[in-house]
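Numbering of ligands and ligand atoms starts at 1, following listing order.
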Amino acid sequence: MMKQLILLGAPGSGKGTQAAKIVEDFGYKHVSTGDLLRKEIASGSELGKRVKAIMDSGNLVDDVTVLELLKNNCNVHKNAYIFDGYPRNIDQAKELESKILKGVSQQVIYFDVDLEKLVERIVNRRSCKSCGEIYNVINNPSRIVDVCDRCGGQLLQRDDDKKSVVKNRIEVFKNTIFPVRDYYNRAGVLKIVDAGKGVAEIFTEISDLLK
Ligand code: AP5
Ligand code: MG
């Protein structure tokens, strides 16, 4: 049976990029709390209205809201999931275990990358409005400017991908992630990958781990 997969890493470390490739080759379902929250904002829901300013500032949405959203969007007894962007702090890690995973086998991958490199990556990111495909105007551009190669959808920049906000997101990450990494390290399920490498090389390393 496939293990539940948890991707930990800084903003722009490549979690979404690798998740898409893992889905394609290994048949996991992808659940990104950031994507779920952005969907709520796009739909104009009450929840979306409540979280928009928090996300636009680069701070974390409260644990209760995010856990509820996640619970409604995964069923680990039915599928193997890639948890992308959750957990982000130690309380979320404990809740993921006690309220969702409840002892099912899991593999955690930490995307280790020089935080200095990330602002550059993120400000050049574009994502497809329709299918979510991720591009980078410098190192992975679409064939036609602002048009998705995969589905022809429009490419957009995320509202929280402005330089000043990105810097705060990285600060928040630095202040919250290390107890999470230690928690999984102690549980013996943590694998660290060098996320400063190229996309293909990182994917080979992850594939070897999942085979
Ligand atoms: P979220 O959407 O999760 O954003 P994030 O964690 O900041 O991560 P990103 O999506 O920015 O980066 P990524 O690692 O997916 O990188 P990507 O593959 O796109 O969260 C957004 C917000 O939602 C949070 O700030 C918070 O407010 C809220 N939120 C979400 N989850 C929450 C939670 N659990 N609790 C509370 N609040 C929560 O790649 C980035 C760019 O780099 C792309 O252009 C890509 O093409 C390029 N790239 C990728 N890999 C490489 C590589 N190896 N080399 C060079 N370029 C690369
Ligand atoms: Mg992402």
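With a heavy-atom cut-off of 4.0 Å, Asn139 touches ligand 1 through its side chain alone. Looking at Val66 against ligand 1, only its side chain comes within 4.0 Å, counting heavy atoms. With a 4.0 Å heavy-atom cut-off, ligand 1 is reached by the backbone of Ala10 but not by any atom from C-beta on. Counting heavy atoms under 4.0 Å from ligand 1, residue Phe173 does not touch it at all.
A donor-acceptor pair under 3.5 Å is formed between the side chain of Gln4 and the backbone N or O of Asn79. Between the side chain of Asp149 and the backbone N or O of Arg143 there is at least one donor-acceptor pair closer than 3.5 Å. Within the 3.5 Å criterion, the main-chain N or O of Arg121 finds a donor-acceptor partner in the side chain of Asn136.
For the residues Ser57, Ala200, Ser127, Gly12, the heavy atom positioned nearest atom 12 (O) of ligand 1 is part of Gly12. Residue Arg158 holds the heavy atom nearest to atom 4 (O) of ligand 1 of all those in Lys197, Lys117, Arg158, Arg126. With Ile54, Asp84, Asn59 as candidates, the residue nearest to atom 27 (O) of ligand 1 on a non-hydrogen basis is Asn59. The option from Lys52, Arg88, Met55 that lies nearest to atom 20 (O) of ligand 1, judged by heavy atoms, is Arg88.
Distances below 4.0 Å separate heavy atoms of Thr17 from the following atoms of ligand 1: 17 (P), 18 (O), 39 (O), 45 (C), 49 (C). Taking every non-hydrogen atom of Gly16 and a distance limit under 4.0 Å, the qualifying atoms of ligand 1 come out as 13 (P), 15 (O), 18 (O). Atoms of ligand 1 found under 4.0 Å from any heavy atom of Leu37 (numbered from 1 in listed order, with element): 23 (O), 28 (C), 29 (N), 30 (C), 38 (C).
Applying the side chain to side chain contact (heavy atoms under 4.5 Å, CB included) test between Arg169 and each of Leu118, Ile122, Val119 identifies Ile122 as the sole match.
Put simply, NZ on Lys39 and CG on Leu69 are 9.5 Å apart, with the number rounded to the nearest 0.5 Å. Going from atom CD of Glu133 over to atom OG1 of Thr17 covers 8.5 Å, rounded to the nearest 0.5 Å.
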